[in-house]
Amino acid sequence: MTKEPEAYQKGATTLRRGHVPSTTTDQRLLDQSQDSGWVHTDPWRVMRIQAEFVEGFGTLAELGPAVSVFGSARLKPGSDFYAKGVELGRLLTDAGYAVITGGGPGAMEAANKGAYEAGGTSVGLGIELPFESGLNPYVDLGVNFRYFFARKTMFVKYAQGYVVLPGGFGTLDELFEAVTLAQTQKITSFPIVLLGTKFWAPLLGFIHDTLYTEGMIAEKDLHRLRVVDEPAEAVAIIASDGDNLGASRPE
Ligand SMILES: CC(C)=CCNc1ncnc2c1ncn2[C@@H]1O[C@H](COP(=O)(O)O)[C@@H](O)[C@H]1O
């Protein structure tokens, strides 16, 4: 009878003969003399990306009803729209919503300030940027992300709707991501409200006169964006749509 070859158990894996390693997994883990270049490789990045989702989901899962507010990082305290952002944060709090922003300055800070001053839940989902700005001081529940796409998942996953103040590329990115998710039915029953009729008029004109007229979007897509001037109107739209809560998102 042939002698049973020696088996090496590596976790769930059984290794024999030429497959038996000369060191144990623990030894390799604890060995400090290794090249550290692997921390900059994609497989390791996948772990960090996973960690961002774990951290975000874990922190926000029990948030309750929430609304994400977007808008320019450059909006100055003292400006009309900053004041409207503060009012919006307060009214959303009064209506029972947590306020989620990108945690930065400008419109984000304004909405967080309103929520904070009204005693609400003021959430900031920060992003690592080459020019460090950090979370604004009105954020009480903050998560910092390395990756935009992981952070954007949190904005949409934990909100019942979006309110969008005037902004630039970042704001448009967040706005059109939500519109695309709604158009493709990745999210349903998700109001998207723009604040500032004058500011948004040229964009809405382009959407109607060019995108719709040239057949790039359907007629019903024209109704995916609502535009108002007053924070109270935005909250009323979100709240009335909130009656359909639970219709929410297919897997
Ligand atoms: C002064 C300055 C540029 C600070 C940048 N600091 C930021 N901190 C956090 N989120 C940001 C920042 N800049 C852009 N964003 C994201 O992009 C949107 C604003 O971009 P924008 O200013 O519209 O294009 C925000 O809703 C936010 O989610």
Side-chain angles (χ1 to χ4, degrees), residues 52-53 55-56 59-60 63 66-89 92 97-116 121-182 187 190-204 206-207 225-228 231 234-235 238:
E52 296 217 324
F53 282 98
E55 200 59 46
T59 305
L60 302 173
L63 194 60
V67 172
S68 291
V69 178
F70 304 105
S72 171
R74 293 173 169 82
L75 207 63
K76 295 276 172 272
S79 65
D80 283 354
F81 276 113
Y82 189 96
K84 290 205 167 172
V86 175
E87 188 186 348
L88 176 66
L92 286 170
Y97 294 101
V99 173
I100 304 175
T101 77
M108 298 167 267
E109 178 183 293
N112 284 131
K113 184 170 193 274
Y116 155 81
T121 305
S122 178
V123 183
L125 306 180
I127 182 75
E128 179 187 313
L129 295 170
F131 38 92
E132 206 47 64
S133 64
L135 290 175
N136 72 65
Y138 305 106
V139 169
D140 287 333
L141 181 59
V143 185
N144 272 302
F145 291 83
R146 288 173 193 243
Y147 299 101
F148 261 125
F149 57 87
R151 173 179 180 257
K152 285 206 292 184
T153 301
M154 308 301 151
F155 284 135
V156 71
K157 181 169 169 61
Y158 294 103
Q160 265 73 61
Y162 279 7
V163 182
V164 188
L165 275 77
F169 289 154
T171 303
L172 292 179
D173 173 51
E174 286 150 349
L175 167 61
F176 280 105
E177 183 190 51
V179 179
T180 308
L181 290 173
I187 50 177
F190 196 88
I192 303 166
V193 188
L194 307 178
L195 200 72
T197 47
K198 184 161 177 278
F199 181 87
W200 293 110
L203 180 71
L204 294 173
F206 172 74
I207 290 173
L225 297 174
R226 307 279 299 273
V227 59
V228 298
V235 177
I238 302 264

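Remember, it's 1-based here, ligands and their atoms both numbered in the order they're listed. These numbers come from a predicted model, not from an experiment.
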For the CZ atom on F169, are there more than 12 heavy atoms of other groups (residues, nucleotides or ligands in this structure) within a distance under 6.0 Å?
no
Heavy-atom proximity to atom 19 (C) of ligand 1 ranks first, among G71, S68, A107, P105, for G71
Spell out, as yes or no, whether a donor-acceptor pair under 3.5 Å connects the side chain of E55 to the backbone of V143.
no
Any idea which of G103, A73, G104 brings a heavy atom closest to atom 2 (C) of ligand 1?
A73
For atom 6 (N) of ligand 1, grab the closest protein heavy atom and report residue, atom and distance to one decimal in Å.
S133 OG, 3.3 Å
I'd like to know whether ligand 1 has S72 as a neighbour, heavy-atom separation below 4.0 Å.
yes
Crowding at OH, Y116 (>12 non-hydrogen neighbours, <6.0 Å):
no
Any N or O of L129 that comes nearer than 3.5 Å to an N or O of ligand 1?
no
Which of the atoms of ligand 1 are close to F169, meaning less than 4.0 Å from one of its heavy atoms?
24 (O)
Just by distance, no angles: are the side chains of D140 and S122 close enough, under 3.5 Å, to form a donor-acceptor pair?
no
With a cut-off of 4.0 Å, which atoms of ligand 1 are near a heavy atom of F70?
26 (O)
Counting non-hydrogen protein atoms only, what is the nearest one to atom 24 (O) of ligand 1? Give residue, atom name and distance.
G170 N, 2.9 Å
Counting non-hydrogen protein atoms only, what is the nearest one to atom 9 (C) of ligand 1? Give residue, atom name and distance.
G102 O, 3.3 Å
Using the ring of each side chain (for Trp, its six-membered ring), is F70 parallel, tilted or perpendicular to F155, with breaks at 30° and 60°?
perpendicular
Measure from the side-chain N and O atoms of E128 to the backbone N and O of F145, and report whether any donor-acceptor pair falls under 3.5 Å.
no
Quick note on ligand 1: atoms under 4.0 Å from a heavy atom of G167 include exactly 23 (O)
Please state which part of R151 comes within less than 4.0 Å of ligand 1, counting heavy atoms only: side chain, backbone, both or neither.
side chain
Considering only protein heavy atoms, which is closest to atom 16 (C) of ligand 1, and at what distance to one decimal place?
E174 OE2, 3.6 Å
So for ligand 1, is M108 a polar contact partner (N or O within less than 3.5 Å, distance only)?
no
Is E177 atom CD crowded by more than 12 heavy atoms from other residues, nucleotides or ligands, each under 6.0 Å away?
yes
T171: numbered ligand 1 atoms lying under 4.0 Å from its heavy atoms
18 (C), 19 (C), 20 (O), 21 (P), 23 (O)
Measuring from I192:CD1 to L181:CG, what's the distance to the nearest 0.5 Å?
8.5 Å
Approximate separation, where rounding is to 0.5 Å, of I100 CD1 and N112 CG
10.0 Å
Would you say R151's side chain and G102's backbone share a donor-acceptor pair under 3.5 angstrom?
yes
How far is atom 3 (C) of ligand 1 from the closest protein heavy atom, and which atom is that?
F131 CE1, 3.8 Å
